[in-house]
Amino acid sequence: MAGLMTDFGNFTHAVVRAIPDSFAKSAQRRSGGELDVSKAQREHELYIGVLKHELGLRVLELPADESLPDCALVGDAAVVCGDTALIARPGAAARRKETEAMRNALKELNLNIVDMEDESATLDGEDVLFTGREFFVGISTRTNQRGAEILADTFKDYAVSMVPVQNGQRLKSFCSMAGPGLVAIGSSEHAQKCLKVVQQMSDHRYDKLTVPDDAAANCVYMNLPGKGHVLLHCAQEEYPESAKVSLNSTQHGTSPFPSPGGLTDLLRNLRLPQRRVPLHLNATPFPS
Amino acid sequence: MTTEVGSETEVKKEPEKAEEQSPAPEQDAQAPAAEPKAEAELPCGETAPPGGDGDAQPKAASPEKERKQKEPSAGKGISRFLPPWLKRQKSQSQAEPREAEKENQEKVDEQQQPGQESAPKSPVSEAKEAPGEELKSDDKDDKHSIGSADTQPAKEEKGDESLERSADVKEKEESKCEEKKEEGETPKPDSGTEKPLLKAAKKMKTVMCHVTLLDGSQFPCEVEKRAKGHFLFFKVCEHLNLLEKDYFGLSYKDAADQKCWLDPAKEIKRQIRNSPWQFAFNVKFYPPDPSQLTEDITRYLLCLQLRQDIASGRLPCSFVTHSLLGSYTLQAELGDYDPSEHRLEYLSDFQFAPTQTKEMEEKVVELHKNHRGMTPAQADAQFLENAKKLSMYGVDLHHAKDSEGVDIMLGVCANGLLVYKDRLRINRFAWPKILKISYKRSNFYIKIRPGETEQFESSVGFKLPNHRSAKRLWKVCVEHHTFFRLVTPEQPPKARFLTLGSKFRYSGRTQAQTRQASSLIDRPAPYFERTSSKRVSRSLDGAPVVSVSDQALRGDSSVAGDKENGREPALELSSDSKSKLRVQGENIYVRHSNLMLEDLDKTQEDVLKHQASISELKRSFMESTPEPRPDQWDKRLTASPATSLRLQAQGKTPPTTDGPLPDSKDIGKSAEDKQRSGTGEQAEVEIEETVVIKEVKKAPKTKDVAPEVVVGAAVAEEAKKEKEGEAEEKEDKRPGGGEASSSSDSHSESEEEAEYHPQVSSVSVDQIKEEPEEEEPKQEAPPPGADPIASAAPPRAREERGAASEGAADEEAHNGHTETRQGLVSVEEDEEEEEEEEEEEEPRLNGDVSRTETERLPQVICCSEPPVVKTEMVTISDTFAAQKTEISTKEVPIVHTETKTITYEAAQLDGAGDSEPGVLMTAQTITSESLCTTTTTHITKTLKGGLSETRIEKRIVITGDSDIDHDQALAQAIKEAKEQHPDMSVTRVVVHKETELAEEGED
């Protein structure tokens, strides 16, 4: 396993999509109230800047589509692992068109594109957690079993385990990988419950990093050449309590995670899931 | 049938005899000495069997006529007509000698040690045998030869006549081979009984087995019809020059075309039934980390298996992985890529994927180029490094339905049991989480350890297509659990005292043990050809046929065998389905409350098969020469007439002759086999097979010692109702909270509980009954070496009894003399009179037999703890201190408040299953500043067989920080418990420590 994990988080590319002015109508927006789109767009720019300049990733920026308010949430559009990209079929029918631009972009990267042709299948990318060793798929209002099966058929090397997710959330709404073998998890009851399922279903051992706020558990771990371990997480001012935990956790691990910070909740939703970028797994001989 | 066969065999054999007889002189010399005795003994004495097959056979020969008569009659009646000595001869000679020989050989193969042991014993046996033979010869020289031939055939014919006939031709060869082997292995026996041996050998029928090796080639191998699975397996391993063979096994397709594993401890014929003698050599246990294998040849074979798995689709891979693995295959098989000679066509011989595309082949070639300079061994290693990461690596899938009738797949692997729905994993049960594995008819159940936040054990049931598939799955689970989960036999000193179950435990060879054994491998890396080269140069037929040189086998055995002393070897060999049940590590108890129970649904075939297996077990049992117990024997003799049995035995015994020679180890095995067999019998009655897994050591092992110590002290007593009343009074009478109940469960299914102590073996109701006889159980206590004997003894007793019951006039003579005879007699009984025996055995078991026997008893099912246990238990109380000390290791104290949550309900649930009615009497809680002790008392009254048992379980929870002296607290608690119930005996003490760490450890 160590071999697998050595490359975990080693991203080369990031795909982002600009926030449309219609973002206020975002189907994914949880909190009610008015959304300051322009502020979100500024933060998004910041975020892209971090990816490009601080982290040195090659960033593909897709143009916004006003007809797709949620198009900036690229994490739902596809699942990338190794040299293969599975184009998702979001549970919200209105969002399915978002995948087209993503599909083209990934095609540009010479990835093997796999489409979900089964009309009965739904899959949101944010329901898919790749730990570096295996997949967990949240079975939620957005993702059904058929979608999970297609995921399993696409990535045959890996175990794909189903995790029931409730409350209308997606799996990654409250959990993500914060390091090799380290799962960041929210402290809500259902988040903890899901973590238990994950731990039970896995042949591997995962440490957990529990943060007070579920949303704060959504972060991005990277292991970049020259940068070391990087953890992209939401801004401290947004979830001060959670930030403490993750900063502390930094010391817990063998290597500290410098935190670029400055990411807002909105931006976090836009973050590039690690899968967005081709991973080099040792089982994968292909250079990206 | 028998007669005809016999005649043929004789003719052929005679020439051989002449040749072979040359060695005979020695035997003769020995024989004379023995003769006087033999004659005197004759009546009883044909017992001699152990020495040589030959002896047995000659004896048998005379009986031919008799046999004919006997066989038809089915047994009892015949005995009357036959002279006592004849009866004896048959029984003894047939069963013991052959089996003994077989076993010896096999064992030798596996382990050199056994061979050595066998040698010493053999002389004795020979001496005995010799007299018997001579006597016979005197009476009927002519018959001798004939008889021997006949006897064997008769046996074999029972099983597969057709096969036998085919084998007849080869008999000569086999006999020779065997003789050679015997000579090599155990010179002494041969000298004593060569003539007889020769005859016997000649008469043995052989069958041609075809084994498909991993490279696709066929390995033809001639084996005796009666040969057990491991005989063939070792021949194959020898042919392959494989030492690390514990990862492998032989499989065959049953009538339903299902892949089954050949049980090494069982006769091949009985397993495959009517299926062709066609086998496949396969990886049975996929090592999670192939890099830890010692030899390249082992890795190579694993690679071959995985290539099969991949090509067949059993091991799904992505395109990339297919390509990568394929490239390593090419590198290993063809070496560096050579553009001049390696074109796409050269891939035609290889299948990298179930569906192989041009694109993939191109990718394979492209990757192949990158491996330049890599040796075949390195390429194999790389192949394995990538293959082992595949999620389905080493997962054995079984079709099933969940409780709602939804199609699922159950996957058994090194880590536990996986549940798939289509390709998705929907659940996983790691071995540590599984308390019990069982099946009933076509249902498969696992009992799950309650999680941290859960209070109750839960059971999960799955529906398999049929009974056989359920049983097959169950077996695979037991085997995998044993192989992967159990660690080396790291038995702490305490284990000895505490572990009641230790006796029961079967110490199969675990992965850890295998690794240890293979670390001792000291030979130059064996040369082996890879498939590609084989394709060119090697003919499939080239494989060596029948004659396996013993030495080679020995070599293997030596490596493997080092660890296997005393019992272990036996255990390994006897890998009955039941054997699988064995608990290996101290950590885990595997129990079969009901072993190998068969469904009511079972077909006649099943029944027959079952009976066959039982008879086999019995035979093996008999083989083990129990020490003579004159006392019991006498009693029985008086009690019942055994004569009839003997007659039967003569007829049937011949098959036994085929068996390996009896080694001390063998004996041990046989004893175990018997026990198992016993269980098997019961199994018929009962339907369930259950494996209970206890992980005893866990708690102690946890380095971090939690401050909390939960001490469960179970006090069990057989008390008449009167006592019960008293006991109740004595106990504190406070309405027990939920806590108390849990204990009851533990009792009934003590094994199921995740108790940390091996000793824990629960006190079964049966045990209680047996208490008066407890002393006997102690026999088992002795070190491994002694064990076999002890175990063997009980079986005898049974047999003897059985014989007696049937009424044998001759038995008296037998008494002192040889155990073997008894065994023989019993064998007969087994085959023909299984039912009777069963009935008889049960009662016997209680009294005489070790706990194992008790397990057999249906009654015992739930608790199933042998009488022996009690003795140990007694010790335990004393021993306790030792335990404590270990447990008490003081480490960072992490206090679990949850401890208090010990569930009352859970107990109820269990109790229901166990069918032991429990009444919660009292619960007491005492709290002091630094120490909190909660005592829960659970009293269970059971009425069985007219005896009322009172079992009191006390659960004492000691909560506190590290300052507490847990040992002292524990000792105090136990002391108090004793004082409270002076008339009760402590049967079990379970110490459970809770630590946060422990929780993590579970997964």
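To find a chain, count down the sequence lines: A is the first, B the second, and so on, and within it residues start at 1. Heavy atoms only: backbone and side chains are in, while hydrogens, waters and symmetry mates are out.
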Would you say that A:Asp157 contacts B:Cys317 through its side chain, given a criterion of any heavy-atom pair below 4.5 Å between the two side chains? yes
With sequence neighbours left out, the residues meeting ring-ring contact (aromatic ring centres under 6.0 Å, His included) with B:Tyr328 are B:His371
Output for pair (B:Thr321 OG1, A:Tyr158 OH), nearest 0.5 Å, gives 7.0 Å
Among residues 399-421 of chain B, those lying within the under-4.5 Å heavy-atom range of chain A are B:Asn415, B:Leu418, B:Lys421
B:Tyr247 meets the ring-ring contact (aromatic ring centres under 6.0 Å, His included) criterion, sequence neighbours left out, with B:Phe483
To the nearest 0.5 Å, atom CZ of A:Arg146 lies from atom CG of B:Leu424 at 9.5 Å
Residues B:Ile426 and A:Met162: closest non-hydrogen pair is CG2-CE, 3.0 Å
In terms of heavy-atom contacts, A:Met201 and B:Asn427 come closest through SD-CA, 3.3 Å
Sorted by chain and number, sequence neighbours left out, side-chain contact (heavy atoms from CB on, under 4.5 Å) with A:Cys194 holds for A:Val163, A:Val165, A:Phe174
Heavy atoms of B:Ser391 and A:Ala159 approach each other most closely as CB-N, 3.1 Å
Whatever's closer than 4.5 Å to a heavy atom in chain B on A:Glu134 counts as side chain
One option among A:Val137, A:Asp153, A:Leu151, A:Ile139 has the most heavy-atom pairs under 4.5 Å with chain B, and it is A:Asp153
Closest non-hydrogen contact found for B:Arg423 with A:Ala152 is NH1-O, 2.6 Å
Next item on the list: Side-chain contact test, heavy atoms from C-beta onward, threshold under 4.5 Å: evaluate it for B:Val320 versus A:Asp83 and give yes or no.
Entry: yes
